[in-house]
Structures are given as structure tokens and as C-alpha cells.
Trainee: 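Have a look at this one.
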Amino acid sequence: MTRYFEVMKRDGPARMGKLLLEDAISTPAIISERDYSIAGTAYDFGSMEEIAASSPEKTKKLALLPYVPSDLHVEPPFDLTDCEVEGPKGIVLHPFYIAEPKRADVYVIGGAGCLRNPRDLINAVVGVRNRIPSDTALYAPAQATPGNLAFLIYLGIDLIDSTRVIADAYFRRYHTRDGVIALGDFDELPCKCQHCQKLVEGKENAQALVGHNVQKIEEELALVREMVRKQTLREYIERQVRVTPDLTAALRLLDREHKYIEARTPQHRRSILYANTAESLHRVEVTRFAHRVLSRYAAPKSDVLLLLPCSARKPYSISRSHRLFALSIGSHRRYLHELILTSPLALVPRELEEVYPAANYDVPVTGHWDLEERAWLCQCLDTYLKNNKYRKIISHLEGELEQTVKEHGIDAVYTGGGTNDAALSRLSEAVQDACLGAARLGDRRAAQYKAMANYYFGSGAGDLLLAGKVKVKGREIQEENGRTLAAMTPNGSIALSLIGARRLEPLEKYIVTIGDFLPKGSLLAPGVVAADEQIRPGDEVIIRGEKAFGVGRAKMSGWEMAESTRGVAVELKHIQEI
Ligand SMILES: [Zn+2]
């Protein structure tokens with residue numbers, strides 16, 4: 001447990017927190033020797049007894065305890081016994097050989113500056129992060145540059161320093177966000193800071209270059225902190241890693257650590273998801289959405305399936321093309337089910353079009369589908385059609401999208417897609433033919449609530465929430481007597497009432513179990529006894545304890561709630577004493 005560090009905000013593995021040293025430091029931060037005292041290596045001491053006795057006086061600086069140095073791929077020859085410290089404590093960990101890390105507030109990655117190989121970098125940071133408690137800070141010394149800083153923070157590092165850029169200045173290495181260049185190679189300096197002015201005038205070269213390099217790393221940190229606040233860091237790093245092939249490789253390797261990233265990715269972001277790069281296809285938000293459509297969602301029983309293309313405007317229904325489709329389909333809409341095909345999300349059932357990220361993504365539209373996108377779409381479509389059976393399929397898709405589905409052998413009526421009069425007539429005719437003798441579907445809005453409940457709380461949630469006689473009123477679903485069960489929020493999630501939560505309780509999903517008390521306002525992590533492992537920040541959760549039953553919105557992942565000793569676990573919305 002730590003008294004000196006608390007995570008306040010998260011954007012994937014990146015966090016913003018507070019480190020309580022003499023002055024509280026808001027992380028991610030650049031720290032220096034002003035913030036810590038360092039005992040040095042074990043070899044600076046005469047004996048183990050001396051090391052054990054080296055425990056520093058009570059201080060508000062971070063005390064970095066003695067450590068055993070060793071090369072990156074060599075196991076340290078011996079281990080040190082733990083030392084108690086009265087103030088904030090920091091321990092140096094070998095990036096690859098840590099049996100059981102001793103308790104600390106801050107962990108330092110030993111030899112971080114040598115982690116140049118992308119695979120080493122990912123293995124080291126993911127490995128260390130998985131071994132230390134989530135409510136402790138991670139410090140990577142002598143590693144950050146303006147070029148790699150954003151990626152390091154995205155990986156889950158909280159503390160960095162300017163050691164490397166200062167050292168580089170003495171080798172005449174000029175740092176920019178776009179990489180490092182030898183000072184002599186410039187015809188024109190790309191920066192107009194006061195230090196660069198001195199470099200142009202040929203004054204105090206070394207000091208001026210230190211000044212410039214440090215300023216660039218500070219500027220980059222400020223930008224990254226803002227990205228974490230705005231929840232746009234992933235979009236930024238997908239661009240920023242392009243500065244070197246090594247950083248791009250590191251992002252691709254990190255994306256393969258799916259469990260690590262998934263466990264830290266919120267249910268919902270406030271920002272628009274830009275799927276601009278090849279890496280976007282592997283984002284957790286994309287794979288999670290597709291996985292839920294294929295495993296939690298069940299389409300309403302329908303004889304006819306209509307495949308439609310996506311639209312730039314979201315949710316699709318308010319776009320011009322989808323309004324035209326709706327007009328052409330007319331009253332037959334009650335006899336068919338609509339599925340939207342899109343990249344990178346693959347399949348969006350109409351009932352889920354307001355869910356994140358279906359209502360919040362943007363993708364460069366060229367009309368071309370590359371091989372990877374095609375394979376991903378067809379793979380999802382196969383599973384979908386195995387889970388949900390239809391008698392007839394109509395494809396109102398055009399160009400390469402139609403060709404992809406056709407070549408994959410999907411047995412459908414192909415209209416050729418489009419939104420001009422002739423195209424819409426073809427759609428209208430195909431729908432009329434297919435819907436002859438088709439069974440009528442149930443209430444569309446009830447189906448939407450059912451689909452969303454299954455999407456957020458797992459298979460079966462929709463049936464429990466909508467059991468018996470219920471009615472849809474505006475954006476709410478109510479019991480017959482008018483009591484609210486759940487409401488759809490403007491960001492496309494579901495807000496439960498206490499009665500709604502009671503209906504879902506038997507599923508035993510998304511439940512946070514608390515101790516013997518009645519929480520008020522926010523539920524803090526130490527009050528959590530157990531939490532469903534699959535809870536992610538932003539999820540609607542059910543709170544259950546001996547004295548209380550309630551509903552709230554998760555502020556951290558379920559596994560984090562269970563192990564954290566500080567921080568808000570759940571923001572409460574309704575709580576009832578029992
Ligand atoms: Zn400059």
C-alpha cells in the first residue's frame with residue numbers, strides 16, 4: 001500500500017496522478033535530483049550490514065534505496081534485504097529479473113536508458129508493470145526524448161527525467177519531436193526558442209543546446225498531459241511513433257500485448273476515435289466492440305437481413321444516405337434487420353449504432369478495402385451469420401465492399417448499392433420481394449434496449465432487464481407502473497436505476513462488493529472487497545454490500561479496485577441503505 005501516490009486519470013495504460021513528495025508532483029512528470037536522494041549501488045557500501053543501516057532519515061524526498069547493478073540480460077548476482085523508510089520509498093528493479101518486488105511507492109526501471117531494442121522495451125515495461133501494484137509510480141531514468149516521450153507515457157511510465165537530452169547536448173545532438181539531428185547538419189534551425197537564438201548567434205553553444213533540448217522535452221510533456229486529459233493519446237502516438245521504425249515496431253509489439261492494454265482501456269472515451277493507421281485495426285476499442293457483437297449480442301429474430309454501408313455522419317441514422325435508405329425501405333422496416341458494414345469496426349447492428357465507438361469514429365474513406373480490412377470483415381461476418389440465421393440477405397453495398405462480400409460467397413441479392421433514384425428503386429424492389437411472407441419484428445426501441453443491455457452487461461442481460469410488461473418512453477425504459485428501469489445516456493451507454501440493477505443482479509456481472517458500510521458520493525478503493533475483473537473505467541456497475549445496494553460509474557478497472565489502496569473506485573449515482 002502506498003500513502004504517497006494516487007492515480008487520478010487514465011487513458012489506456014497512460015495515467016495522470018499525484019506523487020506526494022515535499023511538493024505534490026502531478027504525474028506524468030520530469031523529475032530531477034531535487035526530488036529524490038539516491039543511496040547508490042550496493043558496491044558503494046562495505047558490507048550488507050552497512051546497506052541495512054543505510055536507511056535514510058525521515059524526509060519528504062523520494063528515497064531511492066541501494067541496488068545491485070547488472071547488465072540488461074544478466075541476472076543480478078545477489079539480492080538485498082528490504083529496508084524500512086519513513087517517507088516515500090523508491091526501489092530499483094532489474095527490468096527482466098524480479099522475483100517478488102519489495103513494497104515501494106515508486107519503482108525505478110534499472111538500465112532503462114539501455115532499452116533501445118523495441119522488444120526489450122515492451123517486455124521490460126509490461127513485465128514490470130504486471131509485477132508491481134497499479135497504485136505505485138514507475139520511473140524510467142535516462143530514457144526520455146521529445147521523440148519517444150509520448151510513447152513511454154502511453155506504455156504506463158509515470159516519471160521520466162531530462163538526463164538523456166542533457167547528455168546528448170554535450171554530443172551536439174539537437175532534439176526535436178521529430179527525432180534527433182547533429183547540430184552541425186542544419187542549414188536552418190527549426191526552433192525559434194531563446195536558446196536557439198543563441199545557437200544562431202554562435203554564443204554559449206553547449207549551454208544553449210542543453211536549454212533547447214530541455215525545453216523541447218518539457219513542451220512535449222505538457223502536450224502529452226493535455227492528450228491524456230482529453231483522452232486522445234492513442235491517436236497522437238499512432239502519429240508520433242512514425243518518427244523512427246523502432247518506435248513504430250514498439251507500438252506494434254505493444255498491441256500484441258492485448259491483455260495488458262485491454263485491462264487498462266476504458267469502456268468509453270470522450271474523444272472521436274480516428275482510425276487513420278494500420279495499427280487502428282488492432283485497437284482495443286475496435287476488437288472489444290467486434291468481440292461483443294459476436295459473443296454478447298443476439299440479433300432479433302428476423303427472416304430478412306439487410307446489409308448497408310456506413311456513413312460519415314454518426315449515428316448512421318441521421319446521415320443523408322441512411323435517411324434515404326429508410327425512405328426506400330418504408331414500412332418494410334418492420335420485417336427486416338439492418339446490419340452496417342464498416343471499417344475498422346466490421347459489423348454494427350442498427351440497435352448498437354449509438355454505442356461507443358460506433359457513434360464516435362472517423363476513418364479516411366477512399367472506397368478501397370485493403371486485404372487486412374477485407375479479411376477482418378469477412379471473418380466477423382462468418383461468425384455473425386453462424387450465430388444469427390436469416391432466410392434471405394439483401395446487400396445494398398457498392399464497389400469494393402460489395403465485391404468483398406460477394407467474393408466471400410455470401411448468398412445474397414446484390415443491388416449494387418448507391419443513393420441515386422435508380423439505386424434506391426433497386427433497394428426498394430429487393431426489400432419488397434424479400435419481405436414477402438416474412439414475419440413481423442417486435443418493437444424496434446425495445447430491441448435497441450435489449451441489444452445495449454447485452455452489449456454492456458453480457459448475454460442474458462437484455463431478457464432480465466426487459467422481462468414482463470415494460471414500456472419505452474422517450475430515452476427511458478419503464479415498468480408498467482412508470483418506474484424507470486434504465487435510461488439511454490447521450491453518449492450511448494445505459495444508466496441503471498436501482499430497480500434495473502436489481503433485475504440484473506442475478507447475472508453476477510459488473511458487481512462491486514463492498515464492506516459493511518454505506519458509501520456516500522464516491523466509493524474509494526479501500527472500501528472495495530471484490531470487483532468483477534471485467535469492469536473497465538466508464539462501466540455502469542452494481543454496488544453490493546451488507547448495508548448498501550447501489551449503482552455507479554466505475555472510475556478504474558475491476559482488478560485495480562480490488563488491489564488499490566487509494567483513489568476513487570466508483571462514482572455513486574444511486575445508493576440505498578438495506
Ligand atoms: Zn530551440
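For ligands, and for the atoms within them, numbers begin at 1 and follow the listed sequence. Numbering starts at 1 and runs along the sequence shown.
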Trainee: Taking the side chain as C-beta and beyond, is there a heavy-atom pair between Glu563 and Ser134 under 4.5 Å?
Mentor: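 Yes, side chains in contact.
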
Trainee: Name all residues meeting the ring-ring contact (aromatic ring centres under 6.0 Å, His included) criterion together with Phe289; count only those two or more places apart in sequence or in a different chain, and write none if there are none.
Mentor: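 Only Tyr455 meet the ring-ring contact (aromatic ring centres under 6.0 Å, His included) criterion with Phe289.
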
Trainee: Do you see a donor-acceptor pair shorter than 3.5 Å between the side chains of Asn491 and Thr489?
Mentor: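 Side chains of Asn491 and Thr489: pair found under 3.5 Å.
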
Trainee: Not counting sequence neighbours, which residues clear side chain to side chain donor-acceptor pair (under 3.5 Å) with His212? List them please.
Mentor: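 In terms of side chain to side chain donor-acceptor pair (under 3.5 Å), with neighbours along the sequence ignored, His212 is linked to no residue.
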
Trainee: The criterion is ring-ring contact (aromatic ring centres under 6.0 Å, His included); which residues satisfy it with His94, sequence neighbours excluded?
Mentor: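 Partners of His94 under the ring-ring contact (aromatic ring centres under 6.0 Å, His included) test: Tyr97.
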
Trainee: So, with waters excluded, how many protein N/O/S atoms does the Zn ion (ligand 1) have closer than 2.8 Å?
Mentor: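 That number is 4, waters not included.
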
Trainee: Under a 4.0 Å N-O cut-off, is there an ion pair linking Arg129 with Asp158?
Mentor: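 Between Asp158 and Arg129 there is a salt bridge, with a charged N closer than 4.0 Å to a carboxylate O.
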
